[in-house]
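Sharing a structure with you now.
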Amino acid sequence: MIDTADRQKVYSVVDSRFDDFVRELSEYTRVATISAQGTKFAEGAEATRKVLEAHAARVRVMPEEGGPPVVVGEIEEDPSLPWVILYNHYDVQPVDPLDEWESDPFDPVVRDGKLFGRGTSDTKGNCVAQAIAIQAVRDVVGRLPVNVRYLLDGEEESGSPHLPPFADAHPELFRGLGATIEAANHAAGGKPVLSLGSKGILSVELGVRTAKVDQHSSLATVLPNAAWRLIGALRTLRSENGKVLIEGFEDGVPSPDPEMLRYLRKNSADPLAYKEIYGVTEVFGGKTRYMRLKRYMYGTTCTIDGMWSGYTGAGHKTVNPAVAHAKLDFRLLPGQRPDAVFDKLVAHLRNKGFGDVAVEKHSTFEPASSSIRERLPQAILAAVREVYGGEPLVYPWSAGSSTTWFFTRVGTPSPHPPGVGYDGSRAHAPNENIRLEDARRSMKAIAGMIMAL
Ligand SMILES: [Zn+2]
């Protein structure tokens, strides 16, 4: 453990370099690598190389079969030291609807203590913050207590479809004492979040055809309707209160870790806040904050993301449609496997008499989580206590999905430390932004994490 005087020195160096953070992140944000649209992969990888090389990392831009390059930057202090890996991605989400942005998403600006731009929060800001923080430790202390590897994927926002073969070919890059995965947000009031993993996801499209062509709706007396047929199938998947009814759906999910439940009890967040934020009429889970939070974390989902059939344009067309489609996603808990859930979904529809409903797999992310007792999460806890003067909000995993499993499957504990973003960062939405004060403290927390190892 690096001593208190040096730790304080590191935190003031971070303060003194905060303008560099804003400048370097602004420059990085200008490179519009949008994986969904296949734009600027090479430029994004080069911009990432530049950020990491500016902070003493030896960088390799490694090809990925069929996908954009993976950028790996290393600071190897001593081959005998363990590795800490910092995972982020250099691609961003599309910016539509563009007219809802108050400023150009790729020309970042500071307004009211916030930096606005696509990728500032998700997740270029974390890469720049971590690189500057770790350099500050090195400059003050002389050398890091661990070796550090930055690993950046260029396709995370599209589900990292080409990362599995890359990870299989280079397992050593994913092995270490621990890996931080992107980063968790701050709560609106400024409390930092530590989560110990991420949920998984399976996205599918269902389709059913009941005729060669649409028909005059008067024929519905004697002919089937594709939309009703699809609704019938959908109704078998989920109960009214949200329970997924696919047989064996939650097989393999262990009962909650009592220690994580204790952290959850102390967590002051409340899904009831979504009433105000989204204007919903109801929040599920139960009467108490803890019950709602437990449902939010330990619940699984079967969500209809969209559905279409027949005529939905202006006016009215009396038609009996021949085809109907729905897009669904399932949020999964550690212990579930997306591919197995897909097979169970297909079998379920067949068993319920809906073998004519076609199911197409779109994308998956494996769920994964780590124990809070591992060294890296313990170092994050120590750093948060020092930098923020209190406990973080601790979650067993984030409700969204990420690359956590690529690391945990080779035995690397993979927490999500507090990052530059906050609950109002509008990741994936117009006017993505970070609050500069959150960013400043998250940089110190990353420096503190390294120093606590
Ligand atoms: Zn994202």
Side-chain angles (χ1 to χ4, degrees), residues 25 28-29 31-41 44-45 47-48 51 67-68 70-71 86-98 100-101 105-106 108 114-130 150-163 179-186 193 195 197-203 301 303 305 329 331-332 338 362-368 395 397-407 414-435 438-439 442:
L25 174 55
Y28 194 18
T29 303
V31 185
T33 305
I34 303 173
S35 56
Q37 297 162 355
T39 59
K40 301 209 171 165
F41 285 131
T48 308
V51 168
V70 174
V71 183
L86 299 115
Y87 169 83
N88 281 296
H89 53 88
Y90 61 87
D91 62 321
V92 298
Q93 285 277 335
V95 292
D96 336 55
L98 193 55
E100 287 183 22
W101 284 81
F106 298 113
K114 296 172 188 156
L115 179 67
F116 287 81
R118 174 57 94 227
T120 50
S121 146
D122 185 11
T123 186
K124 289 176 173 175
N126 291 311
C127 172
V128 177
Q130 291 166 358
Y150 303 96
L151 198 151
L152 290 101
D153 171 17
E155 250 183 342
E156 194 270 355
E157 298 293 12
S158 300
S160 302
H162 302 96
L163 197 58
T180 60
I181 306 299
E182 306 189 46
N185 276 339
H186 290 75
V193 169
S195 59
S198 42
K199 282 190 180 177
I201 190 167
L202 165 68
S203 303
T301 64
T303 300
D305 299 321
D329 80 65
R331 295 281 174 181
L332 308 174
H362 278 178
S363 64
T364 63
F365 256 124
E366 299 276 349
Y395 292 90
W397 36 73
S398 69
S401 301
S402 188
T403 19
T404 317
W405 176 81
F406 287 92
F407 297 89
S414 302
H416 303 212
V420 296
Y422 71 111
D423 278 355
S425 274
R426 299 178 181 234
H428 299 203
N431 300 309
E432 180 175 346
N433 70 95
I434 56 172
R435 299 185 299 205
D438 294 330
S442 87

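Treat the numbers as computed from the prediction; the structure is a model and nothing was measured. Whatever order the structure lists ligands and atoms in, that order sets their numbers, starting from 1. Every heavy atom of this structure was used, including side-chain atoms; hydrogens, water molecules and symmetry mates were not.
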Got a sec, which residues hit side-chain hydrogen bond (donor to acceptor under 3.5 Å, both in side chains) with S402, two or more places apart in sequence or on another chain?
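Only E182 meet the side-chain hydrogen bond (donor to acceptor under 3.5 Å, both in side chains) criterion with S402.
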
Does R435 have any salt bridge (charged side-chain N to carboxylate O under 4.0 Å, His left out) partners at least two apart in sequence or in another chain, and if so, which?
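Salt bridge (charged side-chain N to carboxylate O under 4.0 Å, His left out) list for R435, sorted by chain: D438.
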
Which protein N, O or S atoms lie under 2.8 Å from the Zn ion (ligand 1)?
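Protein N, O or S atoms closer than 2.8 Å to the Zn ion (ligand 1): D122 OD2, E157 OE1, E157 OE2, H428 NE2.
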
Between E432 and R426 (salt bridge meaning N to carboxylate O under 4.0 Å), is one present in this structure?
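Here E432 does not pair with R426 in a salt bridge, since their nearest N and O are not under 4.0 Å apart.
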
Going by the side-chain hydrogen bond (donor to acceptor under 3.5 Å, both in side chains) test, name the single residue among E157, E156, Q37 that passes it with Q93.
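Single side-chain hydrogen bond (donor to acceptor under 3.5 Å, both in side chains) partner of Q93 among E157, E156, Q37: E157.
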
Partner set under ring pair (Phe, Tyr, Trp, His ring centres under 6.0 Å) for H186, not counting sequence neighbours
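Partners of H186 by the ring pair (Phe, Tyr, Trp, His ring centres under 6.0 Å) criterion, ordered by chain and then number, come out as Y388.
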
Would you check if the side chain of T120 reaches a backbone N or O of F116 as a donor-acceptor pair within less than 3.5 Å?
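The answer is no, because no donor-acceptor pair under 3.5 Å joins these two groups.
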
